[in-house]
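What follows is a set of notes on a single structure, which appears directly below.
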Amino acid sequence: MALALKRLKSGLPIAFPTETVYGLGAPIGDDLALRQVFKIKQRPFFDPLIVHLADVSQLNQVVSAWPKPAQILAEAFWPGPLTLVVPKREKLNPLITAGLPDVGVRIPRHPLAHQLLSLAGPLAAPSANRFGRTSPSTAQHVTDELGPEILVLDGGPSEVGIESSVVKIENNNAYVLRPGAITYEMLKVCLRERLPGVHVHLGTDASAPGQLKDHYQPSQPLVVLNEGDLASQLVKAKARLGLNNAVELKLDSDPVLAARRLYGDLRELSRDSNSFIYVFRKHEEVGDLWTAIWDRIEKAATIKDPQSL
Ligand code: TXA
Ligand code: MG
């Protein structure tokens with residue numbers, strides 16, 4: 001921790017654990033360190049960063065307004081895997097929000113993240129992977145991804161395993177920009193009980209940032225297969241990808257475990273450079289946390305429907 005704080009003080013981003021995935025953080029007031037984050041990740045400047053806080057006392061360093069729905073959702077789900085997008089403080093560095101008037105904020109519940117953020121103050125942190133790639137859910141993943149020169153606070157494997165739910169509060173409504181472990185159903189129930197006039201909308205307007213179709217990609221191609229003629233789908237995928245071998249990504253039937261293991265399994269299954277990965281689309285895997293898991297799989301997949309090849 002002392003070393004991490006020292007690095008941050010000298011302008012170097014560091015990686016730290018959260019309950020969702022590992023983040024690569026820089027102090028919100030350090031322009032050069034923020035630029036380093038984009039550089040290390042090879043991330044384009046149009047994709048905004050999430051600001052991580054130790055607790056709500058740090059909110060006023062980041063936001064200029066705190067609408068009632070944000071307050072209610074924060075009370076229900078913070079600390080936890082929920083990012084709220086609300087009006088930013090005018091002075092906040094525009095690099096963090098990609099020039100947008102709103103900022104994403106989150107209070108993670110991992111104890112090491114809490115300790116770090118209490119000592120260092122708010123950190124802007126994207127997931128600690130190269131742009132477009134699978135997020136890291138262990139400290140080793142971060143080092144594999146970004147190299148040994150990036151200091152990683154090791155907090156063990158991430159409990160949730162996929163990125164936070166991102167919810168934008170606008171015009172007294174809530175819009176789910178990215179599904180996650182705080183599900184649509186949970187948001188709806190919470191707001192229905194406490195603020196009956198406020199509606200939760202699934203999906204995004206197309207202009208929301210970070211909604212690129214290709215994202216979360218493992219280093220070997222991923223193919224989504226439909227139930228049915230397995231052999232013919234595999235033949236088509238092999239021909240298209242020019243790879244002879246295929247390995248199956250098996251999802252646990254418990255979505256909590258399926259999410260936790262998803263990115264680690266994708267990394268493991270990418271070890272053989274002659275293989276692609278395939279996964280079956282299952283009818284029963286819908287709703288709740290499955291929505292978030294399949295959002296990541298669909299975006300990570302190179303081929304989403306081999307029958308159409
Ligand atoms: O769980 C997580 O959210 C992890 C951990 C480290 O906290 N972080 C993470 O950050 O996944 P990142 O940069 O990989 O994804 C951030 C995404 C952006 O791509 C965008 O979709 C959304 O959050 N976002 C952030 N700020 C936003 C803003 N001002 N308006 C709209 N969307 C925003
Ligand atoms: Mg990311």
Side-chain angles (χ1 to χ4, degrees), residues 13-26 28 34 37-38 40-53 62-64 70 77-89 92-110 112-114 116-117 122-137 141-142 145-146 152-153 155 158-170 174-182 203-217 259 263 292 295-296 299-300:
I14 59 137
F16 64 96
T18 83
E19 72 280 20
T20 58
V21 297
Y22 277 68
L24 180 68
I28 56 171
L34 291 168
V37 168
F38 285 90
I40 293 165
K41 276 192 61 109
Q42 298 162 5
R43 181 183 178 108
F45 286 117
F46 62 71
D47 201 359
L49 310 181
I50 293 170
V51 176
H52 296 70
L53 310 174
V62 184
V63 313
S64 65
F77 301 115
W78 278 357
L82 173 68
T83 295
L84 292 167
V85 177
V86 294
K88 78 173 189 98
R89 196 172 164 228
L92 194 71
N93 190 319
L95 278 177
I96 295 172
T97 61
L100 297 166
D102 297 303
V103 61
V105 285
R106 165 165 122 77
I107 299 181
R109 71 163 174 247
H110 195 292
L112 210 51
H114 177 77
L116 173 72
L117 295 162
L123 297 178
S127 51
N129 50 279
R130 277 171 301 123
F131 184 65
R133 288 316 185 70
T134 308
S135 297
S137 46
H141 293 166
V142 179
E145 185 78 26
L146 302 180
V152 192
L153 279 175
S158 299
E159 178 197 340
V160 175
I162 57 174
E163 305 81 355
S164 62
S165 312
V166 178
V167 177
K168 183 171 182 175
I169 307 300
E170 194 172 36
Y175 298 85
V176 180
L177 302 186
R178 180 173 72 184
I182 305 301
T204 55
D205 73 75
S207 66
Q211 302 302 318
L212 307 176
K213 273 206 312 314
D214 298 324
H215 219 134
Y216 316 114
Q217 296 197 328
Y263 291 151
D295 168 76
R296 307 308 191 272
K299 285 182 178 141

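Note that the structure is a prediction, hence the values are computed from the model and not measured. Both counts, for ligands and for their atoms, begin at 1 and track the order of listing.
S137 and Y263 get closest at one heavy-atom pair: OG-CB, 4.0 Å.
Using a 4.5 Å heavy-atom threshold, the side chains of I14 and L116 count as touching. A heavy-atom distance below 4.5 Å is not found between the side chains of S135 and I162.
Aromatic ring pairs are classed by plane angle as parallel below 30°, tilted from 30° to 60° and perpendicular above 60°; the pair H52 and F16 is perpendicular.
No side-chain N or O of T20 forms a donor-acceptor pair with one of S164 less than 3.5 Å apart. Checking R106 against T18 by side-chain atom types alone, a donor-acceptor pair falls below 3.5 Å. Remark: the S127 side chain and the R133 side chain contain no N/O donor-acceptor pair separated by less than 3.5 Å.
Residue R43 places a heavy atom less than 4.0 Å from ligand 1. Ligand 1 lies within reach of H52, whose nearest heavy atom is under 4.0 Å from it. Within the structure, ligand 1 lacks T97 among the residues with a heavy atom less than 4.0 angstrom away.
Of all the atoms in ligand 1, the ones that sit under 4.0 Å from a non-hydrogen atom of S127 are 8 (N), 9 (C), 10 (O), 12 (P), 13 (O), 14 (O). Within the listing of ligand 1, atoms 18 (C), 19 (O) sit less than 4.0 angstrom from a heavy atom of D47. Near P126, meaning under 4.0 Å from any of its heavy atoms, are these atoms of ligand 1: 10 (O), 12 (P), 13 (O). Counting atoms of ligand 1 from 1 in the listed order, those under 4.0 Å from a heavy atom of D102 are 29 (N). Here is the list of ligand 1 atoms found below 4.0 Å of a heavy atom in G23: 6 (C).
The proximity of T20 to ligand 1, defined as any non-hydrogen pair under 4.0 Å, is limited to the side chain. Contacts of L177 with ligand 1, taken as heavy-atom pairs under 4.0 Å, involve the side chain alone. Heavy atoms of R178 found under 4.0 angstrom from ligand 1 belong exclusively to the side chain.
Note: no N/O pair closer than 3.5 Å links E163 and ligand 1 by distance alone. By the 3.5 Å distance cut-off applied to N or O atoms, K41 is not counted among the residues near ligand 1.
With 2.8 Å as the limit, Y216 does not count as an N, O or S neighbour of the Mg ion (ligand 2).
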